[in-house]
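Taking it in order: structure first as structure tokens, then the write-up.
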Amino acid sequence: KSFDDIVIDCLSVLGESFGQSRVYIWKNTSTNAGRASCIQVYEWVKGVESIHGNKSFENISYDLLPSFRKALTSKQCLNDLVCNLAATERKILEPQDVQSILIAPIIIDDAPWGFIGIDNCTSLQRFSSHEEGILLTSGLMIASAIHKQETDTKLHQWEDLVQAMFDAMPLCSNVWSRDFELLICN
């Protein structure tokens, strides 16, 4: 299975165990104007319409999500009824039939990477403190997996670059380990 498939499987387990409608991961980015924003990178849904890939939900500015920004910058969960959120947040969430929301930060290298969240689209009730703890822990595990995936990708890119440099050399070159194992050659 691919990394993406495994993440979706994890979101599915969370959604099914919480008995909720939608579980997702959003990544921090910036708008064309340089404003802090977020974009959905993963989503699992059951009984509701998916918003993944919907252009209306791409690159949403945190200016429109003040409760999200406040919770995430303080590395806390946001656990609230949508009707209690700011008008700009309600305008985004209500068309998706979201009644209550729980989000937790994803922190990589002490920097906010994004967030994981769960939408309740069937009832108007806050999530429990146990559910908050589970989502925070899930965010930590997913942060670790994303960090490893990003590190592995960078490592493979560097390996390809070094090999390309060796292949471009006009003379035969070899790099050996201390144990006299051939590491790279052209």
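Everything numeric in this text was worked out from a predicted model, so none of it was measured.
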Test of understanding: clusters of I, L, V, M, F, W, Y form through side-chain heavy atoms closer than 4.5 Å, transitively. Do [X] and [Y] belong to the same one?
X      : Y      : result
Ile25  : Ile60  : no
Tyr42  : Leu140 : no
Leu135 : Trp44  : yes
Phe127 : Leu11  : yes
Leu78  : Ile92  : yes

Could you check if a side-chain atom of [X] sits within less than 4.5 angstrom of a side-chain atom of [Y], using non-hydrogen atoms only?
X      : Y      : value
Pro112 : Thr73  : no
Glu43  : Ile8   : no
Ile118 : Asn120 : no
Phe3   : Ile146 : yes
Thr29  : Cys38  : no
Lys46  : Gln20  : no

[X] versus [Y], closest heavy-atom pair with distance:
X      : Y     : value
Leu124 : Leu81 : C-CD2, 3.9 Å
Pro66  : Thr88 : CD-OG1, 3.8 Å
Val48  : Ser21 : CG2-O, 3.5 Å
Ala104 : Leu72 : C-CD2, 4.1 Å
Glu89  : Ser67 : OE2-N, 2.7 Å
Gly15  : Val23 : CA-CG2, 3.5 Å

query = Quick one: ring pair (Phe, Tyr, Trp, His ring centres under 6.0 Å) pairs with a partner in residues 65-113, sequence neighbours left out?
reply =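 For residues 65-113: Phe68-Phe115.
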
ask   = Which of these passes side-chain hydrogen bond (donor to acceptor under 3.5 Å, both in side chains) with Asn79: Glu132, Arg126, Glu131?
value =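 Result for side-chain hydrogen bond (donor to acceptor under 3.5 Å, both in side chains) with Asn79: Glu132.
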
request  = Go through Val13 and Ser17 one step at a time and tell me if the side-chain contact (heavy atoms from CB on, under 4.5 Å) criterion holds.
outcome  = CA-CA 6 Å; Val13 168; Ser17 8; 4.1 Å; yes

request  = Could you go through the side-chain contact (heavy atoms from CB on, under 4.5 Å) check for Val82 and Asp119 one step at a time?
outcome  = CA-CA 10 Å; Val82 171; Asp119 291 348; over 6 Å; no

query = Any chance CD of Glu49 has more than 12 other-residue heavy atoms, nucleotides or ligands included, within less than 6.0 Å?
reply =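 Incorrect, the count does not exceed 12.
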
query = Given the rule in the side-chain contact (heavy atoms from CB on, under 4.5 Å) test, do Tyr62 and Asn28 qualify, once you have shown the distances and angles that lead to the verdict?
reply = CA-CA 9 Å; Tyr62 278 111; Asn28 293 337; 2.6 Å; yes

query = Run the side-chain contact (heavy atoms from CB on, under 4.5 Å) check on Tyr24 and Ile103 step by step: do they pass?
reply = CA-CA 9 Å; Tyr24 44 79; Ile103 66 166; 3.9 Å; yes

Establish, from distance only, whether the side-chain atoms of [X] and [Y] form a donor-acceptor pair under 3.5 Å.
X      : Y      : answer
Ser12  : Asp9   : no
Ser37  : Asn59  : yes
Glu150 : His147 : no

key: Distance (rounded to the nearest 0.5 Å) between Ile106 CD1 and Ser144 OG   =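 One gets 11.5 Å once the value is rounded to the nearest 0.5 Å.
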
inquiry  = Suppose the criterion is side chain to side chain donor-acceptor pair (under 3.5 Å): which pairs have a residue in residues 90-100, not counting sequence neighbours?
reply    =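 Pairs touching residues 90-100 that pass the test: Arg22-Gln96.
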
